Amino acid sequence: MRRVVSVYLPHWSTDRLRRTTAKPPHDSGGAPAAPLVTAIPDHGRRVVAAVDANARTLGIRPGMTVTKARLFTQELDVVDADPDADAQGLRRLSLWTSQRYSPIVAPDPPDGLWLDVTGCTAQFGNERAMVKDLHRRIAAFGLSVQIAIADTAGCAHAVARHVPAGRPVTIEPGDHRKALALMPIAALRLNPEVVEGLHKLGFDRIEQLLGTPRGPLAKRFGRALHRRIDQALGHVPEPVEPIFPEEQPRTRLGFMEPLATAEAFAQVIADLTADIARQLTGIGKGARRLDCHFHRVDGHNQAIRVGTAAPTRDAAHMAKLLATKIETIDPGLGIEAMTLVAPLVEALGGHQGEGLADLTRRGPDLSGLVDTLANRFGHLQLYRAASVPSAMPERSVAPAPALSAVGDGGWNVDLPRPCRMLSAPEPIDVTAMLPDHPPAMFIWRRERHRVTQADGPERIHGEWWRDAGVEAERPYTVRDYFQVETTDGGRYWIFRLGDGENAASGSMRWFIHGAFA
């Protein structure tokens, strides 16, 4: 099922100006700044091209003359419009979005973006989480934004611009026709003359057009009217043509006959990666991310994205990673072209023997294994442990990238820690003599464990700078840890809250925190 996101920036021109010219939306006293508009010359007069939120609140609209706009407020800030700068800014925002959310992103001039996010939401958990993250990050740039996601580009575009909401709007799969029905006719992206003509005939909402014979309307208003309707309903394809930075390593292959089999795709990917590898060698860089775009004969574009743990220009390795995701591609009536792009590259020096086909690889290919596992199960599922300075054992370890350079970081080999720790210490019932004797027996999860050997206590004090609400993490609580071995061979890490004498040091309750291998 195809899913398209439409990002609408209702005050793009003025928001961009405030960011680039350091014009804050509020003055030093916290009051709203002077309304800001951009203007263009028009037959000897100046006409408003874009308005900010303050100007719109006052009733100022694009198309109004600047002289008339000043009647609403004498504090109006008028700046010459710069359409080229607006277009360039929109392109930069599109390229930034393509790095994080989807390889298929394109500007939607003059004030929007398209994202084809089909198959791209897994890394965020679901599509609602993805569009929420997109909305939050764009808003953090100081931009007014409205976002909608739907099955078709036309439906998402209409909802983003005609359903004002402070949060992203999600049209569930299959509900795009119902969502479009109550939209105004202007949501179909028609020429103003066509919209005005339809209003004169009594058409106000899209649902009125859906049940009307097409012939008379097409004869009067042309084919564009029903083409927009069919695009919004998904009957006619409306592809999102992705954009790429000019300096990006990129290669493309077109086919005389459409391809539709996984074997054919794998062969083309091998050719594309070989070409990309040559380009990367020429610029002394390695790929950290690869996007392979599949251009269908019906106009739809699909893409697969893979990442690498370390820079690489090994063509065979890149082809292997991409080939594992071919099954996610729906060729439809066939693929007429494929494009491979390396949107993220890093410096990678040459090494002896690079490029020799008969060179036998020496040593374990750890990065290749990491890439294979990470692209199959997700990059967040593969990591290594890094030490973090903390007195509390549960905060002394944090995940780090699988191939990151993690030093000892202060690991204390004289104070061993269990290889498996519970996410939160669990209470246990213990038989022990106070204050410093180890447990003789404990009950955990309704099972009795008799202790045969024990080592401890190791005393740990709480972190006084933390205001913890959990008893076991309160700043002045003392923990006395013991390593114990039971009759069945288990080795556990348990602790007592308190020093065994002073009630102020803890409740004297016992907990289990982990197990040794």
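Since the structure is predicted, the reported quantities are computational estimates derived from the model, not experimental observations. Start at 1 with the first residue, then count along the sequence.
- Between the side chain of R61 and the backbone N or O of R56, at least one donor-acceptor pair lies under 3.5 Å.
- The backbone N or O of P35 lies less than 3.5 Å from no partner atom in the side chain of E75, so there is not a single donor-acceptor pair.
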Intermediate values then yes/no, side-chain contact (heavy atoms from CB on, under 4.5 Å), R45 and V66: CA-CA 8 Å; R45 58 181 186 169; V66 172; over 6 Å; no
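- Closest non-hydrogen pair, I304 versus L322, comes out as CD1-O, 3.5 Å.
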Give the intermediate values and the outcome of ring pair (Phe, Tyr, Trp, His ring centres under 6.0 Å) for residues Y8 and H162. CA-CA 10 Å; Y8 174 44; H162 295 274; 8.5 Å; no
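- Side-chain atoms of P103 and H293, non-hydrogen and from C-beta on, do get closer than 4.5 Å to each other.
- Counting all heavy atoms, side chain and backbone alike, L58 lies closest to F72 at O-CD2, 3.1 Å.
- Side chains of V117 and M130 form a contact here, defined as non-hydrogen atoms less than 4.5 Å apart.
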Taking it one step at a time, do Y101 and D133 satisfy side chain to side chain donor-acceptor pair (under 3.5 Å)? CA-CA 10 Å; Y101 298 99; D133 183 81; 2.6 Å; yes
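- Enclosure of atom CZ in R167 is not indicated, since only 12 or fewer non-hydrogen atoms of other residues, nucleotides or ligands lie within 6.0 angstrom.
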Given side-chain contact (heavy atoms from CB on, under 4.5 Å), test L198 with L225 step by step and report yes or no. CA-CA 10 Å; L198 289 170; L225 170 61; 4.0 Å; yes
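- Within the structure, salt bridge (Lys or Arg N to Asp or Glu O under 4.0 Å) pairs that include any residue of residues 249-264 do not occur (at least two apart or interchain).
- For the atom pair CD of E238 and NE2 of H157, the computed distance is 8.5 Å after rounding to the nearest 0.5 Å.
- Rounded to the nearest 0.5 Å, atoms CD1 (I185) and CG (L209) are 4.5 Å apart.
- Of all heavy-atom pairs between R214 and D230, the closest is NH2-OD1, 2.7 Å.
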Please walk me through it: do R16 and L143 pass side-chain contact (heavy atoms from CB on, under 4.5 Å)? CA-CA 8 Å; R16 184 191 63 80; L143 304 175; 5.7 Å; no
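- With a 6.0 Å radius and a threshold of 12 heavy atoms from other residues, nucleotides or ligands, E196 has its CD atom at or below the threshold.
- Checking Q99 against R289 by side-chain atom types alone, a donor-acceptor pair falls below 3.5 Å.
- P249 and V345 get closest at one heavy-atom pair: CG-CG1, 4.3 Å.
- Inter-residue side-chain proximity for T38 and D86 is flagged as unmet; no heavy-atom pair is nearer than 4.5 Å.
- Between the OG atom of S94 and the CD1 atom of I243 there is a distance of 4.5 Å, given to the nearest 0.5 Å.
- Residues R278 and T273 are not in side-chain contact: their nearest non-hydrogen atoms beyond the backbone lie 4.5 Å or more apart.
- For D116 and R3, the salt-bridge test fails: no basic side-chain N is under 4.0 Å from an acidic carboxylate O.
- Here L201 contributes atom CG and L217 contributes atom CG; the two are 7.5 Å apart, rounded to the nearest 0.5 Å.
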Contacts table for residues 168-182: side-chain donor-acceptor under 3.5 angstrom, sequence neighbours left out:
residue : atom : partner : partner atom : Å
E172    : OE2  : R128    : NH2          : 2.5
H176    : ND1  : D151    : OD2          : 3.4
H176    : NE2  : L233    : O            : 3.1

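- To the nearest 0.5 Å, the span separating CD on Q208 from CG on D204 amounts to 5.5 Å.
- Looking only at side-chain heavy atoms (C-beta outward), P331 and F265 come within less than 4.5 Å of each other.
- Sorted by first and then second residue, the pairs that involve residues 332-346 and meet salt bridge (Lys or Arg N to Asp or Glu O under 4.0 Å), not counting sequence neighbours, are R288-E346.
- With K325 contributing its side chain and V306 its backbone, the two residues share no donor-acceptor pair below 3.5 Å.
- T251 has its side chain out of reach of T339: every pair of non-hydrogen atoms, C-beta onward, lies at least 4.5 Å apart.
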Which is it for R2 and T152 under the side-chain contact (heavy atoms from CB on, under 4.5 Å) test, yes or no, and what are the steps along the way? CA-CA 7 Å; R2 187 187 187 212; T152 65; 5.6 Å; no
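- Side-chain contact annotation: Q88 with R91, donor-acceptor N/O pair under 3.5 Å absent.
- A pairwise comparison of heavy atoms in P107 and L113 identifies CA-CD2, 4.2 Å as the closest pair.
- Distance alone, capped at 3.5 Å, places no donor-acceptor pair between the N301 side chain and the P239 backbone.
- Between T212 and F203, the shortest heavy-atom contact is OG1-CE2, 3.5 Å.
- Between D314 and K320 there is no salt bridge, since none of the side-chain N atoms of the basic residue sits less than 4.0 Å from a carboxylate O of the acidic one.
- No more than 12 heavy atoms of other residues, nucleotides or ligands sit less than 6.0 Å from atom CG of L333.
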Is there a side chain to side chain donor-acceptor pair (under 3.5 Å) between S6 and R161 once you walk through the steps? CA-CA 9 Å; S6 177; R161 285 155 178 77; 3.1 Å; yes
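- One distance of note links CZ of F221 with CG of N191; it measures 11.5 Å at 0.5 Å rounding.
- The shortest distance between side-chain heavy atoms of T65 and R46 does not fall below 4.5 Å.
- Within the 4.5 Å cutoff, side-chain heavy atoms of L76 are placed close to those of I60.
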